[in-house]
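Below is one structure, written out as structure tokens, with a few remarks after it.
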Amino acid sequence: MGGGADSNGVGGGGRPTSRDVARLAGVSHTAVSFVFNGRAEGNLSPATQDRIRQAAAQLGYRPDPVARGPRRRRTAVIGLVTDEIASSPFAGRLLRGAMETTWDSDHLVLTVDAGGDPAKEDAAVAELLDRRVDGIIYAAMSLRRVRVPEGLHRTHSVLANCLPEDDSLPAVIPAERAGGRTAARLLLEAGHRRLAVVGGQDDIASVERLRGFRDALRAEGVTVPREWVVRTGGEITGGHEGAARLLDGTGARCGRRGRTVPVPTALSSPASTPAPAPASSTCPSGSVCSPRARR
């Protein structure tokens, strides 16, 4: 009673195989291989291809990606190595975007968070190369120049939200300058002319956003005094601190505990990166999501 096929044509091993599909479809094992390795056109008639796919669906057969990988020199897996992005509130969007895109191309994402440790990044890349992934994405939590992990040049690789120190690899980064222009236009279209910039440091993103902000203002003949550019870091609390410095002595209140703004002047504060407003926030704000730019 051992070794025979069950009523569905599946052998005694449990998981259906390509030979089970061939038996049920009444074709050769080679014909099944042609269909699932993309070589059916010109070798098999459309009717035979349909019969094989129907048999596979009936059996619940799926090609084994591990077995197919060495033959096709593809594993249908993309590696994603991050510095410490898992601790960022924006990590979900980056990871979801990678997974949705790869899924649409019949690939999966294998993610490794190295916690900002260069040695772990190198080890992660080496492990992914050993697993013969089809390519690797290296993603950073903040936009900056980064050291390219060892081995990244040995496969198809791209950087996300960072730039290689040696400009040796392509990168997809936010179009920060365009985001700054958009934020400025929102304020200008609302009728504001006395504008300031709060937050950030002398990092790539902050510098580019300020350039875009000034681009839009310059087109309207508006300038931002040097002292109205207040660098207080990227945290929300830093933004509150910088706004407090700018608004000291102006007169009317924004919220019960905030600073005041002369009426009828309105205080508008579009953020350059969308994020949930903290419970302590007293002034309404909008968000500007920077588009992507490729380099």
Side-chain angles (χ1 to χ4, degrees), residues 88-90 93 140-145 160-163 167 170-278 280-295:
S88 165
F90 308 110
R93 295 176 183 176
M141 184 173 68
S142 59
L143 178 57
R144 66 183 191 280
R145 291 273 176 184
N161 200 41
C162 56
L163 296 166
D167 292 321
V172 179
I173 62 173
E176 302 289 1
R177 191 165 185 169
R181 282 195 293 267
T182 300
R185 286 171 184 153
L186 286 173
L187 296 172
L188 291 168
E189 289 169 2
H192 302 298
R193 291 299 181 269
R194 300 178 66 216
L195 306 177
V197 176
V198 177
Q201 298 289 0
D202 292 329
D203 55 280
I204 296 173
S206 298
V207 170
E208 287 298 300
R209 290 170 188 169
L210 180 58
R211 285 177 178 167
F213 199 82
R214 283 181 162 149
D215 288 344
L217 267 58
R218 191 179 303 112
E220 298 295 326
V222 178
T223 59
V224 176
R226 185 180 298 273
E227 62 271 20
W228 285 12
V229 177
V230 182
R231 294 303 193 195
T232 54
E235 299 297 324
I236 293 175
T237 53
H240 286 175
E241 176 192 333
R245 280 193 232 162
L246 285 169
L247 296 174
D248 270 340
T250 55
R253 287 204 172 275
C254 174
R256 290 177 297 175
R257 295 167 300 186
R259 291 299 188 271
T260 60
V261 182
V263 178
T265 303
L267 176 64
S268 299
S269 55
S272 58
T273 303
S280 60
S281 178
T282 56
C283 294
S285 66
S287 293
V288 175
C289 186
S290 297
R292 294 188 301 269
R294 289 178 173 79
R295 287 197 176 186

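Along the sequence shown, the residues carry numbers beginning at 1.
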How close do [X] and [Y] get, heavy atom to heavy atom, and via which atoms?
X	Y	answer
Ala171	Leu163	CB-CD2, 4.0 Å
Cys162	Ala140	CB-CB, 3.6 Å
Leu217	Leu188	CD1-CD1, 4.1 Å
Val230	Glu227	CG2-O, 3.9 Å

Say you draw a straight line from CG of Asn161 to CZ of Arg144; how long is it, rounded to the nearest 0.5 Å?
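Answer rounded to 0.5 Å: 8.5 Å.
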Rounded distance [0.5 Å steps], CZ in Arg214 versus CZ in Arg177:
11.5 Å
List the steps and the verdict of side-chain contact (heavy atoms from CB on, under 4.5 Å) for Leu246 and Trp228.
CA-CA 7 Å; Leu246 285 169; Trp228 285 12; 4.0 Å; yes
With side-chain contact (heavy atoms from CB on, under 4.5 Å) as the criterion, how do Leu143 and Asp203 come out once you've worked through the C-alpha distance, each side chain's angles and the decisive distance to 0.1 Å?
CA-CA 8 Å; Leu143 178 57; Asp203 55 280; over 6 Å; no
Does Ala178 offer a backbone N or O that forms a donor-acceptor pair with the side chain of Thr182 under 3.5 Å?
yes
Arg231 side chain to Gly199 backbone, donor-acceptor under 3.5 Å:
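It does hold such a pair.
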Are Asp167 and Arg145 ion-paired here, with the side-chain N under 4.0 Å from a carboxylate O?
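So Asp167 pairs with Arg145 through a salt bridge.
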